[in-house]
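Here is how names work: the chains are called A, B, and so on, in the same order as the sequence lines, proteins then strands, and each is numbered from 1.
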Amino acid sequence: MDLRKYVDKIKPAFEEGGKFAALHSTFDAFETFLYVPNTRTSKGSHVRDCNDLKRVMIIMVLALMPALIFGMFNVGYQRIDGPEYTILQNFWYGFLKVLPIIIVSYVVGLSIEFASSQIRKEEVNEGFLVTGMLIPMIVPVGTPLWMVALATAFSVVVCKEVFGGTGMNIFNPALVARAFIFFSYTASISGENVWFADNVDGHSGATALSQWADTGATQYSVCDALIGTIPGCIGETSTIAILLGALLLVATGVASWRIMLSVFAGGLAMGLVFNAIGANAYMQVPAWQHLIYGGFAFGAVFMATDPVTAAQTNTGKWIYGFMIGVLAVLIRLVNPGYPEGMMMAILFMNGIAPLIDHYVVDANIRRRNKRVKLAK
Amino acid sequence: MSKNIEEKEPLFSAKNMASLTNPFNKNNPVLVQILGICSALAVTVQLKPAVVMALSVTVVTAFSNLIMSLMRNSIPARIRIIVQLVVIATLVILVDQFLKAFVYDVSVQLSVYVGLIITNCIIMGRVEAFALANKPWPSLLDGIGNGLGYGMILVIIGFVRELFGSGCLWGYKVIPEWCYEHGYVNNGLMLFPPMALILVGFIIWIQRSRNKDLQEK
Amino acid sequence: MNKNSNTYIIIYTVVMVVLVAVLLSVTALSLQPLQKENELGAKKTAILEAMGAQEADYASVVKAYAVDAEGNTIEGVTADDALQMLFGLKGAFDAGTYPVFENVENGYVVVPLTGKGLWDDIWGYIALDKDKNTIKGIVLDHAGETPGLGAEIKTDKFEGSFVGKTIYEGSDLVSIEIVKGGAPEGAPHAIDALSGATKTVQGVQAMLKTCLSYYDAFFKSKVAPAEEVETECNTENTESNE
């Protein structure tokens with residue numbers, strides 16, 4: 001049976017006055033997920049693009065796939081006897097461990113989003129499609145599911161819905177979820193017991209960043225870090241997979257290359273400054289290595305570039321990205337309590353981004369006023 | 001010619017009771033006037049200090065209202081604020097001394113926040129807004145009402161934070177051991193001040209949903 | 001009189017200040033003994049808790065004195081003086097005076113500890129058996145460690161893991177090592193560290209090493225006489241732990 005015809009047949013039941021009018025938002029969400037909306041522009045002329053919010057979200061999810069797939073393989077590989085299994089076996093093991101987290105994230109997040117849209121009698125926005133995929137990728141595989149559920153609920157309600165829904169949030173929702181877990185259940189997201197899926201059998205160990213913080217050296221080589229066979233959160237370990245995603249995002253114009261580039265530049269600059277200071281072993285780690293270990297690359301490509309929470313002006317994007325890089329490395333090296341500083345750096349700059357934009361626009365206006373005055 | 005007999009307001013008239021009960025809901029100092037937030041965040045990590053703080057603030061607000069109202073006709077205009085400060089500071093010091101003497105363990109937990117009661121805007125706010133222009137008895141009721149309204153919020157937040165942040169209430173373990181064995185973990189974020197602020201936000205959300213007239217248009 | 005005239009203001013202010021001053025002084029002076037008692041009481045409770053004698057009466061059970069770096073009891077230091085030293089422990093240590101709290105019933109000695117955690121001060125009391133080697137109890141506290149991580153040093157679980165460990169290897173004061181990843185089963189001088197609280201736990205380890213070393217001479221000098229008494233009544237033979 002033709003799907004389009006079926007959808008058209010049941011549509012009247014969801015309109016005003018129909019039997020299921022209260023569920024209009026839900027129906028609308030599913031309809032527009034499958035088909036391009038049939039609305040016509042009523043005022044003025046517009047250039048229409050095939051890329052609407054939905055398509056942008058889908059491209060972002062696609063860009064996350066290399067990192068996710070590798071992450072699943074890595075979960076299996078990091079087992080104590082991981083290297084003895086084939087790639088496919090490790091991937092399957094990791095898939096089974098990661099899938100529940102993804103399901104929990106989407107189910108909890110989408111239920112709250114649907115419910116909120118229903119109560120407000122608005123359309124459901126697809127904003128959560130990407131956030132729901134990001135949340136599992138920035139938590140360790142050992143995180144209990146109920147914590148993921150609680151964090152997702154907290155993030156969607158306090159970070160998004162309270163401010164007005166998709167597009168209105170100030171802070172990156174995926175990072176707010178991770179921050180919630182970090183501050184609420186610190187022992188469950190740091191230390192040595194959460195990075196390995198077979199922790200039940202007593203396998204535990206530290207991430208490269210914690211090892212740096214302790215001794216200034218790590219057992220994981222640069223090659224390991226680039227490929228991604230190091231312990232860490234599910235999506236953030238493989239620099240190569242992340243860069244593949246970055247290529248897709250930049251090629252389709254979905255994410256800003258300015259932000260990505262400036263984050264790396266900022267991190268490098270701060271790392272060099274601390275190399276020069278060299279007060280302890282952690283500071284002496286070569287600056288460029290900060291970019292490939294830990295959550296730095298993942299944050300730079302997928303989190304900092306979130307169009308809603310980043311700076312909007314081009315000049316603003318350079319400043320915003322650079323400060324993120326600087327802060328991330330600063331927090332790593334100076335704060336003894338946080339070996340990973342990327343999450344804090346991005347959340348902090350999320351708050352500052354509107355201020356940066358304000359001053360960029362302001363400077364622009366003043367510059368143009370001056371030009372006008374000179375011309376007179 | 002009619003004699004001007006000043007009607008004495010009955011002690012528990014509707015107007016006086018309104019001074020007492022308004023601050024519980026419609027005019028709550030924390031939720032509606034948005035005063036006294038800082039101490040609401042700082043001392044509500046556990047229920048016991050929250051209750052002691054609530055009682056201390058109620059005592060200070062009530063008596064400073066009473067004393068200032070009694071003095072209201074004799075204070076020189078130029079040193080009005082200074083006199084208020086002296087009265088409130090004296091009351092706060094007295095409360096601090098009593099706490100140190102009779103509930104030492106709570107006093108240690110409250111540490112500097114007892115001394116900071118004087119910075120609590122509720123007290124100066126009520127003195128200025130009410131006590132200086134009203135008779136002593138209504139002022140006393142207003143002070144008690146505002147103190148208790150503030151106290152109510154403190155108790156609610158202290159209850160939630162201690163229960164979910166430490167699994168205890170009033171220092172006694174409430175969440176049974178088998179929960180922990182099955183993987184339940186205390187929520188560390190509850191012990192931080194920002195969570196208290198978020199909780200206040202939730203309470204304001206609930207209050208405004210139920211009281212349409214408190215919603216700004 | 002005109003309320004706003006200068007004379008009135010001055011008289012008003014003077015009267016108010018005098019009244020307030022009298023009220024506050026009277027209150028403070030009359031409550032002071034109670035307050036002092038409370039402060040001392042808190043310290044006494046901690047000491048008794050370290051000994052495992054929470055129910056006991058401090059005055060009848062604890063003998064307090066101070067020793068110097070050579071382990072000799074300092075003359076003229078009363079029990080109250082020793083207790084007072086706890087209010088400025090770092091200063092007392094710097095001055096070469098080291099308070100000791102001995103349980104006259106079972107011979108346990110409690111010594112105070114002070115050190116630095118990750119963010120702020122940490123302190124505590126450690127109780128040793130008559131042999132001045134085996135730990136019978138420890139009470140730890142902190143000013144501002146991270147909840148869920150460093151703050152866990154204050155839990156019964158962590159404090160309990162010290163009980164039964166020894167601080168001397170032969171005549172070497174090795175103190176207690178807090179091992180990341182777990183101490184080996186049955187190790188006499190090591191306990192498990194707390195995951196995610198490395199710096200705080202390192203602070204505890206350093207605090208133990210430093211403070212116990214102040215009492216090294218005292219512990220060694222006191223062992224000899226105590227051991228003679230031990231042979232009759234010591235049921236927990238701690239030496240055999242090795």
What distance separates Ser184(A) OG from Phe192(B) CZ, expressed to the nearest 0.5 Å?
9.0 Å
Indicate the atoms forming the closest heavy-atom contact of Asn187(B) with Tyr185(A), along with that distance.
ND2-OH, 3.5 Å
Validation row: Val158(A), Phe202(B) side chains within 4.5 angstrom (heavy atoms):
yes
Should we say atom OH of Tyr184(B) is surrounded by more than 12 heavy atoms from elsewhere, each under 6.0 Å from it?
yes
Answer yes or no: does atom OH of Tyr104(B) have more than 12 heavy-atom neighbours from other residues, nucleotides or ligands under 6.0 Å?
yes
List the steps, then state whether side-chain contact (heavy atoms from CB on, under 4.5 Å) holds for Val162(A) with Trp205(B).
CA-CA 10 Å; Val162(A) 163; Trp205(B) 188 355; 3.8 Å; yes
Atom pair CZ/CG of Phe182(A) and Leu189(B) - distance to nearest 0.5 Å:
11.5 Å
Looking at Phe24(B), I want to see if its CZ is surrounded by more than 12 non-hydrogen atoms of other residues, nucleotides or ligands under 6.0 Å.
yes
Count the heavy atoms of every other residue, nucleotide or ligand shown that sit under 6.0 Å from OH of Tyr106(A), and state whether that count exceeds 12.
yes
Acceptor/donor pairs from residues 173-181 of chain A side chains to any protein atom, 3.5 angstrom cut, sequence neighbours excluded:
from, atom 1, to, atom 2, distance (Å)
Arg178(A), NH1, Ile138(A), O, 2.8

Chain A-proximal positions within residues 193-201 of chain B [heavy-atom distance under 4.5 Å]:
Met195(B), Ile198(B)
